[in-house]
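What follows is a single structure, written as structure tokens, with notes after it.
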Amino acid sequence: MTRIAIVGVAGRMGRVLTAAAYQDSDATLAGGTVRPQSSLVGADIGELAGIGRLGVTAASSLTDIAEDIDVLIDFSTPELTLANLAFCAEHGKRIVIGTTGLSDAQLVELDSYRDRVPMVFAPNMSVGVNLTLNLLQTAATALGDEGYDIEVVEAHHRHKVDAPSGTALKMGETVAQALGRTLKEHGVFERVGQCGPRRDDEIGFATLRAGDIVGEHTVMFATEGERIEITHKASSRMTFAKGAVRAARWVAERPNGRYDMQDVLGLKAEG
């Protein structure tokens with residue numbers, strides 16, 4: 001049984017992750033954290049998640065639960081995630097990271113731990129999204145250099161703080177790699193005013209923020225006479241949470257390294 005702890009058990013995603021870990025028959029919900037100054041320190045994390053009293057209380061720091069856990073699941077902030085990654089390296093723990101919005105420098109710092117920590121880092125833990133990435137690679141290879149314009153459109157709830165979403169960027173990166181391009185050179189993230197006609201090699205992004213949208217992503221391949229759209233829509237955060245728990249069970253048996261959900265699901269092509 002993999003002993004799992006959740007970062008931020010009082011948050012929207014933290015509560016769903018708590019429920020998913022509790023419901024998984026091959027995992028044990030061993031702990032969770034809240035902000036050190038929070039009035040919820042010591043609260044039962046099952047009650048915070050709305051699933052009933054579990055007898056596991058919210059800790060103010062990972063140090064308080066280090067002896068009780070095998071894998072940490074972190075969907076927090078870039079700064080806190082990097083601090084938690086350092087903790088895992090120091091204490092021999094594994095980590096599943098779903099945090100988005102990391103800067104280039106923060107991504108470099110995260111990657112520097114790949115030889116010290118078994119980690120799964122993915123912007124989206126959904127099985128469906130990761131299957132969609134494979135479809136996008138196939139579509140981009142077949143269509144991208146044949147006069148098809150490529151646009152990525154994503155929509156999330158009004159509280160999301162980063163844009164474009166990590167999933168949208170991953171989709172754009174997947175398409176770009178299939179075409180021998182990079183988002184740094186070919187990604188277009190803003191069109192305002194007299195911006196001129198579209199370049200043939202652009203990969204455009206559009207972002208929507210409204211209401212309680214869990215997550216919707218569409219990649220469009222459009223040319224004269226037809227348009228192909230590959231879309232994934234999430235209606236519940238539980239799909240991400242279940243994927244994260246699956247990743248936690250998987251990484252518990254892996255050596256040091258940086259993995260993603262394609263590794264967890266066995267979707268990477270051999271060689």
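For this chain, numbers begin at 1 and follow the sequence in order.
Between atom CG of residue Leu62 and atom CG of residue Asp68 there is a gap of 11.5 Å, rounded to the nearest 0.5 Å. Rounded to the nearest 0.5 Å, atoms CD1 (Ile6) and OG1 (Thr18) are 5.0 Å apart. Distance CD1/Ile203 to CD/Glu185: 10.5 Å, rounded to 0.5 Å. To the nearest 0.5 Å, the span separating CD on Glu47 from CG on Leu54 amounts to 8.5 Å. With values rounded to the nearest 0.5 angstrom, Ser236 atom OG is found 8.0 Å from Lys242 atom NZ. To the nearest 0.5 Å, atoms OG1 (Thr33) and CD1 (Ile69) are separated by 9.0 Å.
The pair Arg249-Asp24 counts as a salt bridge, with a side-chain nitrogen and a carboxylate oxygen less than 4.0 angstrom apart. Ion pairing of Glu151 with Arg191 is present here, as a side-chain N (NZ or NE/NH1/NH2) and a carboxylate O approach within less than 4.0 Å. Salt-bridge check for Arg198 with Asp149: passed, with a basic side-chain N closer than 4.0 Å to an acidic carboxylate O. A salt bridge links Asp111 to Arg258: at least one charged side-chain nitrogen sits closer than 4.0 Å to a carboxylate oxygen.
Judged by the 6.0 Å distance and 45° axis criteria, Arg246 is not positioned over the aromatic ring of Trp250.
Ring planes of Phe205 and Phe189: parallel class, angle under 30° (limits at 30 and 60°). Ring geometry for Phe87 versus His91: interplanar angle under 30°, hence parallel rather than tilted (30 to 60°).
Cluster membership for Leu48 and Leu17, using ILVMFWY side-chain heavy atoms within less than 4.5 angstrom, is shared. Leu72 and Tyr259 are assigned to two separate hydrophobic clusters, defined by single-linkage of ILVMFWY side chains at heavy-atom distances under 4.5 Å.
Side-chain contact between Cys88 and Arg94: absent, with no pair of heavy atoms (C-beta onward) separated by less than 4.5 Å. Leu82 has its side chain within reach of Gln106: a pair of non-hydrogen atoms, C-beta onward, lies under 4.5 Å apart. Looking at heavy atoms from C-beta onward, His156 lies out of side-chain contact with Asp212 at the 4.5 angstrom threshold. Val214 has its side chain within reach of Phe240: a pair of non-hydrogen atoms, C-beta onward, lies under 4.5 Å apart. Taking 4.5 Å as the limit, every side-chain heavy atom of Ile97 sits out of range of all side-chain heavy atoms of Val120. A heavy-atom distance below 4.5 Å is not found between the side chains of Glu154 and His232. Inter-residue side-chain proximity for Met119 and Tyr113 is flagged as met; some heavy-atom pair is nearer than 4.5 Å. Val117 places none of its side-chain heavy atoms less than 4.5 Å from the side chain of Arg114.
A donor-acceptor pair under 3.5 Å is formed between the side chain of Asp260 and the backbone N or O of Asp263. No donor-acceptor pair under 3.5 Å is formed between the side chain of Arg181 and the backbone N or O of His186. In this structure a side-chain-to-backbone donor-acceptor pair under 3.5 Å is missing from Thr28 to Ala30. Gln137 places no side-chain N or O within 3.5 Å of a backbone atom of Asn134 that could act as its donor or acceptor partner. Panel note: side chain Ser112, backbone Glu109; a donor-acceptor pair is recorded below 3.5 Å. Panel note: side chain Arg116, backbone Ala89; no donor-acceptor pair is recorded below 3.5 Å. Looking only at distances, no side-chain donor or acceptor of Asp74 sits under 3.5 Å from a matching main-chain atom of Val7. A donor-acceptor contact shorter than 3.5 Å is absent between the side chain of Arg35 and the backbone of Ser60.
For Arg199, the CZ atom sits in a packed shell: over 12 heavy atoms of surrounding residues, nucleotides or ligands are nearer than 6.0 Å.
A search for side-chain contact (heavy atoms from CB on, under 4.5 Å) contacts involving Ala163 returns Thr207, Arg209, not counting sequence neighbours.
With respect to Leu179, the side-chain contact (heavy atoms from CB on, under 4.5 Å) criterion is satisfied by exactly one of Thr141, Ile150, Thr174, Leu143: Ile150. Considering Leu133, Leu131, Asn130 in turn, Asn130 is the only one that fulfils the side-chain contact (heavy atoms from CB on, under 4.5 Å) rule with Met261.
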